[in-house]
Amino acid sequence: MAEVLVLVDHVDGAVRKPTLELLTLARRVGDPVAVVLGAGAGDTAPVLGEHGAVKVLTADAPEFADYLVVPKVDALQAAFEAVSPVAVLVVSSAEGKEIAARLALRVGSGIITDATDLEAGDQGVVATQAAFAASFTTKSRVSRGVPVITVKPNSAPVEPAPAAGTVEALPVSFGETATGTKVTSRTPRESTGRPELTEAAIVVSGGRGVNGAENFPLIEALADSLGAAVGASRAAVDAGWYPHTSQVGQTGKSVSPQLYIASGISGAIQHRAGMQTSKTIVAINKDAEAPIFELVDYGVVGDLFAVVPQLTEEINTRKG
């Protein structure tokens with residue numbers, strides 16, 4: 001069976017969930033071959049093999065940590081030339097999209113970004129995408145070369161499918177541009193104990209209706225009761241009520257969780273573009289005419305300051 005390259009997103013050997021989703025999708029179109037770069041690469045083989053990787057290509061060098069993007073592109077190109085895949089899959093993060101775009105340019109292939117599903121077609125891999133602020137769903141394929149596809153987190157379930165997971169060293173030669181942009185320092189992000197926003201299965205977001213930074217603990221309490229990530233609308237972020245890193249929308253982060261709860265968010269098109277592909281959407285808003293109610297699965301017309309605490313209390317009671 002044809003092989004599919006999957007670039008592994010990991011932290012010191014701990015494989016992140018979106019990569020396991022990529023392996024699920026890769027198995028629909030071929031045999032997954034995982035490419036793991038950087039420190040801890042060799043530690044990833046058991047979990048990658050458990051989730052369908054027939055081979056695990058590993059490479060470790062200081063360039064992967066000390067310089068931006070290009071060394072990883074060099075390595076992925078080396079894997080591409082060694083395997084001759086039918087597709088290359090990368091997680092749809094800011095770095096992932098840049099790596100994918102650079103690889104596609106180097107190998108003369110087309111690129112598809114932010115795919116939400118994959119299938120094998122008569123003329124190659126077909127990707128499903130959301131278009132025009134998620135108002136439409138499209139199916140597309142590249143017309144030139146091997147498709148390089150970035151896939152949004154939460155687009156597929158994580159499904160174990162034990163495979164060989166044979167580990168092979170990947171020889172990499174770095175080009176002149178690999179050391180062009182050096183990382184001079186790092187500041188660890190302060191952990192909130194909550195899931196990463198773009199990877200979370202549940203997201204609870206607050207908007208203008210939260211009416212101040214001092215009220216966002218209501219949103220956080222509901223999120224914590226569900227084990228969810230916390231998001232915010234652009235209005236809330238622009239007002240300084242919540243960090244920009246938590247903004248959901250066209251100019252923020254795009255999320256596609258199993259459950260999205262919008263509290264005090266009117267549903268402007270800018271926000272909808274970032275969350276409309278969520279599997280189940282719940283809105284809490286006191287304005288029955290708010291646009292958000294046009295796309296929800298469940299809507300609660302009411303004051304969030306009354307509804308959210310009651311909902312949080314009920315969830316905690318059922319958990320207890």
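Positions are given from 1, in the same order as the sequence printed here. This is a predicted model, so every value here is computed, not measured.
Taking 4.0 Å as the cut-off between side-chain N and carboxylate O, Glu63 and Lys72 do not count as a salt-bridged pair. Classification of Arg141 and Asp122 as a salt-bridged pair fails, no side-chain N sitting under 4.0 Å from a carboxylate O. For the pair Arg16 and Glu21, the salt-bridge criterion is not met [side-chain N within less than 4.0 Å of a carboxylate O]. The residues Asp114 and Lys97 are annotated as salt-bridged, a charged nitrogen and a carboxylate oxygen being separated by less than 4.0 angstrom. A salt bridge is absent between Asp9 and Lys17; no separation between the charged side-chain nitrogens and carboxylate oxygens falls under 4.0 Å.
Considering every non-hydrogen atom in both Ala232 and Tyr242, the closest pair reads CB-CB, 4.0 Å. In this structure, Ala200 and Asn154 approach most closely via the heavy-atom pair O-ND2, 2.9 Å. Looking at every heavy atom in both residues, Phe293 comes nearest to Ala288 through CD1-O, 3.6 Å.
Between the side chains of Gln129 and Thr116, no donor-acceptor pair of N or O atoms lies under 3.5 Å.
The environment of CZ in Arg106 is crowded: more than 12 heavy-atom neighbours from other residues, nucleotides or ligands sit within 6.0 Å.
Using a distance-only test at 3.5 Å, with no hydrogens or angles considered, a donor-acceptor pair links the side chain of Ser109 to the main chain of Val146. Between the side chain of Lys253 and the backbone N or O of Gly274 there is no donor-acceptor pair closer than 3.5 Å.
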